Structures are given as C-alpha cells and as structure tokens.
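Right, one structure below, let's go through it.
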Amino acid sequence: MAQIKLNINGKARVVDADSSTPLLYVLRENLGLHGPRFGCGLGQCGACTVLMDGKSVRSCTLPTSAAQNKSITTLEGLGSVAHPHPLQTAFITEQAAQCGYCMNGMVMGAKALLDKNPHPTVSDIKQSLNSYICRCGNSPADHPRYPAGSKLERESLTACGLYLEPA
C-alpha cells in the first residue's frame with residue numbers, strides 16, 4: 001500500500017492503495033464516488049468513464065498511479081442534484097436512458113466531445129458515443145424512440161447539446 005495523491009473533482013485527495021489498483025476501485029471504494037460504474041472490467045463498455053485532464057478514459061483499466069498529478073472529473077464533479085450540469089439535465093429531461101447503467105459513460109463521453117468540439121455533427125456524436133455499450137439497447141447515440149433524421153431526433157439531440165443543424 002502507498003499513499004497516492006489524486007485531484008478528484010477539483011479537490012486534493014490522498015488514498016491508501018496499491019499503485020496498480022484500478023482507479024475505478026479507488027473512486028468507488030475509497031472515495032465513495034459511485035457515478036463511474038463497473039461494467040466489463042476490460043475498458044470496453046464505457047460505464048467506468050471519467051475525464052482525465054479533459055479526455056475520457058476508462059477507469060476500470062487505468063492504474064491509480066497513472067492518475068497522479070492529473071485532474072480527474074467524475075459524474076459527481078459535473079454537477080449536483082441541486083445544480084446539475086446542462087448535459088445531466090438534458091439526459092434526464094429527454095429520458096435518454098432506460099436502466100441508466102451506461103449513463104455515466106454516455107454523459108462523460110458527451111462532455112469530452114463537446115469540450116473538444118462544441119459544434120459536432122450528428123455523425124461526430126454517433127461516432128463518439130458508439131464506443132459506449134448500452135446494456136438495455138436504449139443508447140442516446142442511436143435512440144430507438146426517434147427515427148433517424150426525424151424532428152424528434154433533432155429535438156432530443158439539441159436538448160442534449162449534441163445537434164448541429166445541417167448546412
């Protein structure tokens with residue numbers, strides 16, 4: 001065990017953990033942050049996504065030692081129940097989830113995309129969110145409630161900040 005210094009959601013934290021422990025375990029078990037979820041343990045599904053220095057990373061395969069001296073943002077760091085981030089509000093308002101298990105990854109992935117590209121195309125959005133596996137088949141990246149190209153699809157993506165009117 002070692003004392004590992006982390007910057008989580010803007011706060012300096014010190015945890016006792018083996019440096020090879022996946023960051024996801026430290027976030028959930030040591031720090032009580034339950035936004036990132038254990039999905040596959042292989043970095044493939046995206047349920048464990050956090051932002052590290054503004055880029056989305058899969059925390060289930062990232063050794064905690066690799067997060068030292070980096071800025072880590074979890075879903076809890078985006079907003080609070082009283083003051084949710086606009087993306088959180090949009091996903092809730094649009095009922096973009098069925099079971100909600102993948103939502104951490106979807107929201108964090110959308111945040112990373114919008115920080116990098118504030119005006120993504122629908123293609124950019126779908127490509128960016130395609131790597132997040134939705135267990136119940138209700139992915140906002142390809143939402144079954146809204147036929148592709150429909151007014152409802154545009155309104156849903158617009159509300160989430162993820163739609164750019166074609167030129």
Side-chain angles (χ1 to χ4, degrees), residues 1-116 125-145 160-162:
M1 293 286 204
Q3 293 231 322
I4 300 173
K5 296 177 183 177
L6 300 169
N7 178 353
I8 308 291
N9 299 327
K11 295 180 183 174
R13 306 293 296 263
V14 177
V15 295
D16 282 323
D18 186 284
S19 62
S20 64
T21 300
L23 179 61
L24 175 65
Y25 297 173
V26 169
L27 293 172
R28 292 182 63 83
E29 296 170 15
N30 297 64
L31 300 176
L33 298 169
H34 295 173
R37 295 193 169 117
F38 182 89
C40 65
L42 302 171
Q44 295 176 353
C45 74
C48 66
T49 300
V50 298
L51 301 181
M52 185 164 73
D53 290 340
K55 296 181 181 175
S56 63
V57 297
R58 309 295 168 98
S59 65
C60 72
T61 57
L62 183 75
T64 299
S65 60
Q68 290 188 103
N69 302 314
K70 307 283 185 184
S71 175
I72 305 297
T73 304
T74 68
L75 188 65
E76 295 89 345
L78 290 185
S80 66
V81 172
H83 302 292
H85 185 278
L87 269 173
Q88 292 169 311
T89 299
F91 272 77
I92 292 166
T93 300
E94 289 301 312
Q95 299 178 14
Q98 187 168 333
C99 77
Y101 203 85
C102 65
M103 277 299 96
N104 174 75
M106 297 283 186
V107 171
M108 299 308 286
K111 173 80 168 94
L113 169 66
L114 291 172
D115 286 349
K116 181 180 175 184
I125 296 160
K126 289 183 178 187
Q127 182 179 350
S128 177
L129 298 184
N130 189 44
S131 67
Y132 297 92
I133 297 173
C134 177
R135 292 177 173 213
C136 62
N138 202 32
S139 170
D142 193 18
H143 206 296
R145 288 192 304 168
C160 294
L162 296 174

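What's counted below: heavy atoms across the whole structure, side chains too, no hydrogens, waters or symmetry copies. Only a predicted model underlies this, so the values are computations on that prediction, with no experimental measurement involved.
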Min side-chain heavy-atom separation S59-M108 under 4.5 Å: no
Which residues share a side chain to side chain donor-acceptor pair (under 3.5 Å) with Q88, sequence neighbours left out: none
Q68, CD: over 12 other non-hydrogen atoms inside 6.0 angstrom: yes
Between CE on residue M106 and CD1 on residue I133, distance to nearest 0.5 Å: 9.5 Å
Reported OG1-to-NE2 distance for the pair T73 and H85, which is rounded to 0.5 angstrom: 10.0 Å
N9/L33 under side chain to side chain contact (heavy atoms under 4.5 Å, CB included): CA gap, chis, key distance, verdict: CA-CA 10 Å; N9 299 327; L33 298 169; 4.1 Å; yes
Spatial distance of atom OG1 (T21) from atom CG (L27) [nearest 0.5 Å]: 11.5 Å
Spacing of T64 atom OG1 and D18 atom CG [to the nearest 0.5 Å]: 8.5 Å
Which atom of R28 lies closest to which atom of P36, heavy atoms considered: NH1-O, 2.7 Å
I'd like a table of donor-acceptor pairs (distance under 3.5 Å, sequence neighbours excluded) in which one partner is a side-chain atom from residues 37-53, with atom names and distances.
from: R37; atom 1: NH1; to: G100; atom 2: O; distance (Å): 2.9
from: R37; atom 1: NH1; to: Y101; atom 2: O; distance (Å): 3.3
from: T49; atom 1: OG1; to: G46; atom 2: O; distance (Å): 2.7
from: D53; atom 1: OD1; to: S71; atom 2: N; distance (Å): 2.8

Pair Q3-V15, side chain to side chain contact (heavy atoms under 4.5 Å, CB included): steps then yes or no: CA-CA 6 Å; Q3 293 231 322; V15 295; over 6 Å; no
Exercise: identify the closest heavy-atom pair between A110 and L129: N-CD2, 3.8 Å
Closest contact, heavy atoms only, L31 versus R13: CD2-NH2, 3.3 Å
Point-to-point distance, once rounded to the nearest 0.5 Å, from NE2 of H34 to OG1 of T74: 10.5 Å
Closest non-hydrogen atom pair, Y132 against G105: CE2-O, 3.3 Å
Heavy-atom closest pair, residues G109 and S128: O-OG, 4.2 Å
Partners passing side chain to side chain donor-acceptor pair (under 3.5 Å) against K111 (at least two apart in sequence or in another chain): D115
Pair I72-L6, side chain to side chain contact (heavy atoms under 4.5 Å, CB included): steps then yes or no: CA-CA 8 Å; I72 305 297; L6 300 169; 5.6 Å; no
Non-hydrogen atoms of A17 and V26 that approach each other most closely: CB-CG2, 3.9 Å
Beyond-backbone contact of L87 with L78, side-chain heavy atoms, under 4.5 angstrom: no
